[in-house]
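First the structure, in the form of structure tokens, and then the observations on it.
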Amino acid sequence: MRPMSPALRRPGTWLRRRARWATTALAALTLVGGTALTATGTATAAPQAWTPKPSPMTTPWTNEVPTTTPLPEYPRPQLTRPDWANLNGIWDFAVTSADAGQPATFTEQIRVPFVAESALSGIQRRITQNDKLWYKRTFTVPAGWNGRRVQLHFGASDWRTTVWVNGRQAGAAHSGGFDAFSHDITDLLNGGTNTIVVSVWDPTETGGQAVGKQRIRDVAPHPGGGIFYTAASGIWQTVWLEPTAPAHITRLDMVPDLANNRLKVTVRGAGTNGHQARVTVSTGGSTVGTATGPVGAEFTVPVPNPRLWTPEDPFLYDVRADLLSGGTTVDSVGSYTGMRSVGLARVDGLLRPVLNGQFVFQTGTLDQGYWPDGIYTAPTDAALRHDLQKHKDLGFNMVRKHIKVEPQRWFYWADRLGLLVWQDMPSMDLRTPDAAARTQWEAEYDRVIDQHRSSPSLIMWVNQNEGWGQYDQARIATEVKAHDPSRLVNNMSGVNCCGAVDGGNGDIVDHHVYVGPGTTVPSATRAAVLGEFGGLGLKVAGHEWYPGGGFSYEDQPSAAHLDNRLTGLLDAIREVRMPRGLSASVYTEITDVENEANGLLTYDRQVVKVDEARIRAANRALIDASRGSTAPLTLPTGQYRSLRVTTPGLTDRYIRHKDGAAFTEVVGSASDALLKNDATWRIVAGLANSSCYSFESRNYPGEYLRHREYRVYKEAGSGDLFRADATFCPVRGANGGVRLSAYNFPEQYLRHYDAQLWLATPGGTHTWDNPALFTEDTTWTVEAPWAP
């Protein structure tokens with residue numbers, strides 16, 4: 001997403017329990033307690049002293065966050081085990097200089113896993129590259145875990161994280177802000193009360209790593225900020241313990257193979273030499289298919305007559321993986337999968353993305369994943385689900401997760417609710433990255449792909465955005481496709497924007513157009529998508545992050561205008577751009593974020609700004625239309641025709657030119673020859689695009705209907721701008737009529753208003769955008785010419 005350009009304002013118990021896995025794999029995903037652990041802290045701070053800070057805005061979940069057990073849900077839904085222990089809650093905390101060692105005392109407390117900048121953490125202050133964050137707590141390993149290895153897991157911590165257990169470092173420091181990591185801490189445990197210390201250094205944009213939209217700034221609401229937001233430093237996803245066998249499963253890679261009615265699986269593990277893996281797919285407790293194969297290599301499980309996963313029917317199969325040593329099962333994990341395929345295919349001659357072999361238009365929003373109370377971390381699991389559910393409520397079938405990677409439970413909700421996911425790799429800072437930054441970014445991207453590659457909702461990787469930190473676009477796209485050939489790859493979202501360089505490869509050509517929807521078309525090798533558009537703004541009093549400081553790409557004076565404008569954009573995509581090759585669109589955005597007021601919901605999630613039923617209907621119409629014929633409407637090229645008004649009471653009026661401008665006037669058999677000539681137009685292939693049309697004057701050859709600053713004229717001219725202004729795309733109107741959309745402003749339609757011809761915008765604020773009789777005034781019938 002880019003800053004607003006004035007020039008462009010127009011245009012989501014162990015082995016004894018094995019027999020229960022088949023029926024509880026999905027139910028285990030909502031396991032919330034694990035094993036209860038109490039943080040005993042240190043003598044310098046008592047847990048009872050901790051309090052949250054006031055949030056600049058309160059979401060419906062702000063006051064529902066438990067103090068000692070925030071985010072208690074099982075954090076890894078695609079690799080579940082029944083025994084685990086949640087370490088979220090109150091930790092002792094300190095901040096030192098970036099180069100300092102462990103402090104002697106921890107004088108503060110923080111609620112994990114909320115970042116230090118957030119109100120929900122209880123710290124809520126600015127963290128810079130000169131700071132190092134320190135966390136400390138104690139725990140006791142449950143007695144029932146004796147004889148097993150103990151794994152310490154971090155969902156994510158931004159950015160360089162070092163862990164000590166009982167004074168000894170656990171593994172190597174982890175560099176990365178968006179990927180999960182783990183340490184086997186068994187050999188560091190003391191058999192009694194254990195102490196964990198964690199340090200995190202996060203340079204945010206001053207470093208070279210992936211940062212997404214984070215920038216170092218004051219945590220209190222303030223004016224400005226644009227499209228960048230408050231930084232999120234330190235632990236920001238669940239920290240937890242898990243007992244495992246010495247030989248155990250670490251990952252399941254699952255790729256549906258619909259063509260052969262099977263699931264391709266790779267079971268990865270640790271300490272698994274000489275072991276085999278058995279994978280069972282089931283539903284409702286009944287086995288669908290099972291197979292055994294080597295650990296670390298792909299094998300297949302039959303899934304006969306699979307029930308396909310779609311946004312309308314997001315059906316999930318239960319999966320169990322057993323690790324076998326001879327005839328003994330030494331480890332078992334639960335998981336799930338959805339049977340679906342993703343690819344490209346030609347549909348009516350145009351390259352389209354297809355789901356299960358069928359084209360369905362992907363209509364979604366840009367989802368930044370920010371919260372006024374938790375910043376990077378949703379306050380509760382219900383909140384995490386909420387924004388995805390709102391996509392469904394509003395009729396969207398897709399979400400672009402914008403340069404942030406969410407916790408694995410977010411993907412679970414997208415899988416379960418049925419939303420197609422475009423996943424961005426978080427960008428580095430805008431500058432060109434050095435060699436070390438590139439190595440780090442690519443390694444983290446590979447880990448992100450590996451950790452989320454089995455999610456059925458995730459259908460596309462978006463490598464880079466608008467040229468931010470861009471380099472080696474083509475190579476990266478090729479390597480991402482090789483790393484995960486089961487998904488689409490977008491080498492650059494917004495290749496037309498902001499100095500971005502298109503790598504020229506991948507599966508998608510992606511434009512950003514504000515307000516849009518623009519004129520993106522497919523190529524011979526890539527489908528066309530609108531990676532960002534919209535940005536319609538509406539400030540809601542009492543629900544602004546910084547009152548008066550909000551901005552948008554196009555401010556709307558009222559909720560009614562917002563509804564009309566947004567439905568107009570969605571209708572234009574359905575009527576004009578989809579028939580000409582557009583296959584997906586991403587509206588900016590699902591919620592306001594800090595000073596951005598572009599959201600369909602306010603930043604606090606307290607207000608839905610739009611009429612849900614209207615937006616849902618417009619999205620539904622768009623999706624339904626994509627399942628039928630997507631061929632554009634045609635007109636009789638090379639022939640003279642006259643264009644008649646269809647507004648009731650004015651049906652004897654026709655488009656004519658007079659003194660170089662376009663009007664409507666009554667024309668009849670008794671009209672003089674000049675009027676009949678002025679009301680006759682030759683329909684020719686569009687000057688800017690031959691799939692649309694231009695209208696040449698009968699008595700002034702070489703002069704065409706052309707819009708200029710909304711008014712419509714009869715003019716001659718040359719150049720790309722003139723040709724675009726003189727090109728109109730027909731769409732079906734009511735009762736056999738035709739509506740004429742401007743080629744370069746597809747959401748604007750040729751309209752008569754007070755006898756003058758204008759480009760009118762649904763939901764627009766000009767006089768000629770008046771909603772009364774809008775559809776009738778923009779619908780024409782193509783008649784025999786008055787002057788043959």
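Along the sequence shown, residues are numbered consecutively beginning with 1.
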Is the backbone N or O of [Y] less than 3.5 Å from a side-chain atom of [X], with the two atoms forming a donor-acceptor pair by type?
X      : Y      : result
Asn505 : Ala474 : yes
Lys609 : Thr602 : no
Trp768 : Leu759 : yes
Thr778 : Phe774 : yes
Asn356 : Trp309 : yes
Glu205 : Ile216 : yes
Asp415 : Ser457 : yes
Gln214 : Thr230 : no
Arg487 : Val342 : no
Asn397 : Pro311 : no

For the residue pair [X] and [Y], confirm or rule out a side-chain donor-acceptor distance under 3.5 Å.
X      : Y      : result
Trp422 : Gln362 : yes
Thr365 : Asp367 : no
Tyr514 : Glu532 : yes
Glu596 : Tyr229 : yes
Ser455 : His452 : no
Ser55  : Thr58  : no
Asn744 : His707 : yes
Thr588 : Asn598 : no
Asn490 : Asp510 : yes

So which heavy atom on Gly374 is nearest to which on Val115, and how close?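 Nearest heavy atoms, Gly374 then Val115: O-CG2, 4.1 Å.
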Minimum heavy-atom separation for Pro379 to Leu120, with atom names?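 Taking Pro379 first and Leu120 second, the nearest heavy atoms are CB-CD1, 3.7 Å.
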Pairwise distance [atom1]([X]) to [atom2]([Y]) - rounded to 0.5 angstrom:
X      : Y      : atom1 : atom2 : value
Lys401 : Gln423 : NZ    : CD    : 8.0 Å
Asn619 : Met398 : CG    : CE    : 10.0 Å
Lys213 : Glu594 : NZ    : CD    : 10.0 Å

Walk me through it: do Phe228 and Trp468 pass the test ring-ring contact (aromatic ring centres under 6.0 Å, His included)? CA-CA 13 Å; Phe228 298 102; Trp468 302 0; 5.4 Å; yes
Can you sort out the partners of Asp381 under side-chain contact (heavy atoms from CB on, under 4.5 Å), two or more places apart, ordered by chain and number?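 Glu73, Leu384, Arg409, Trp413.
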[X] ring center near [Y] ring center (under 6.0 Å):
X      : Y      : value
Tyr546 : His222 : no
Tyr376 : Trp236 : yes
Tyr587 : Phe533 : yes
His386 : Trp61  : yes
Tyr743 : Phe728 : no

Can the positive tip of Arg605 be found less than 6.0 Å from the middle of the six-membered ring of Trp371, inside 45° of the ring normal?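 Because its charged atom sits under 6.0 Å from the ring centre and within 45° of the axis, Arg605 does stack over Trp371.
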Report yes or no: is the cationic atom of Lys404 (NZ for Lys, CZ for Arg) under 6.0 Å from the centre of the six-membered ring of Phe178, at an angle within 45° of the ring normal?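 Not flagged: Lys404 not positioned over aromatic ring of Phe178.
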Given salt bridge (charged side-chain N to carboxylate O under 4.0 Å, His left out), test Glu612 with Arg614 step by step and report yes or no. CA-CA 6 Å; Glu612 288 192 35; Arg614 280 194 66 187; over 6 Å; no
Tell me, please, which residues at least two apart from Tyr445 pass ring pair (Phe, Tyr, Trp, His ring centres under 6.0 Å).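 Only Trp441 meet the ring pair (Phe, Tyr, Trp, His ring centres under 6.0 Å) criterion with Tyr445.
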Verdict with supporting geometry, Lys390 and Asp393, salt bridge (charged side-chain N to carboxylate O under 4.0 Å, His left out): CA-CA 5 Å; Lys390 273 301 163 192; Asp393 295 345; 3.4 Å; yes
Decide yes or no on salt bridge (charged side-chain N to carboxylate O under 4.0 Å, His left out) for Asp424 and Arg400, but give the supporting numbers first. CA-CA 7 Å; Asp424 292 13; Arg400 179 184 171 197; 2.8 Å; yes
Hey, mind stepping through Asp373 and Thr62 against side-chain hydrogen bond (donor to acceptor under 3.5 Å, both in side chains) and telling me if it holds? CA-CA 7 Å; Asp373 45 13; Thr62 302; 2.5 Å; yes
Considering the options Val586, Thr520, Asn465, which one meets the side chain to side chain contact (heavy atoms under 4.5 Å, CB included) requirement together with His512?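 Going through the options one by one, the only one that passes is Asn465.
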Glu575 and Arg732: salt bridge (charged side-chain N to carboxylate O under 4.0 Å, His left out), yes or no, with the steps? CA-CA 8 Å; Glu575 295 173 342; Arg732 291 170 178 83; over 6 Å; no
Could you tell me which residues satisfy side chain to side chain donor-acceptor pair (under 3.5 Å) with Lys481, sequence neighbours excluded, listed by chain and number?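 Listed in chain order: Asp507.
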Option among Arg627, Arg340, Lys392 that satisfies the salt bridge (charged side-chain N to carboxylate O under 4.0 Å, His left out) test with Glu312: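 Single salt bridge (charged side-chain N to carboxylate O under 4.0 Å, His left out) partner of Glu312 among Arg627, Arg340, Lys392: Arg627.
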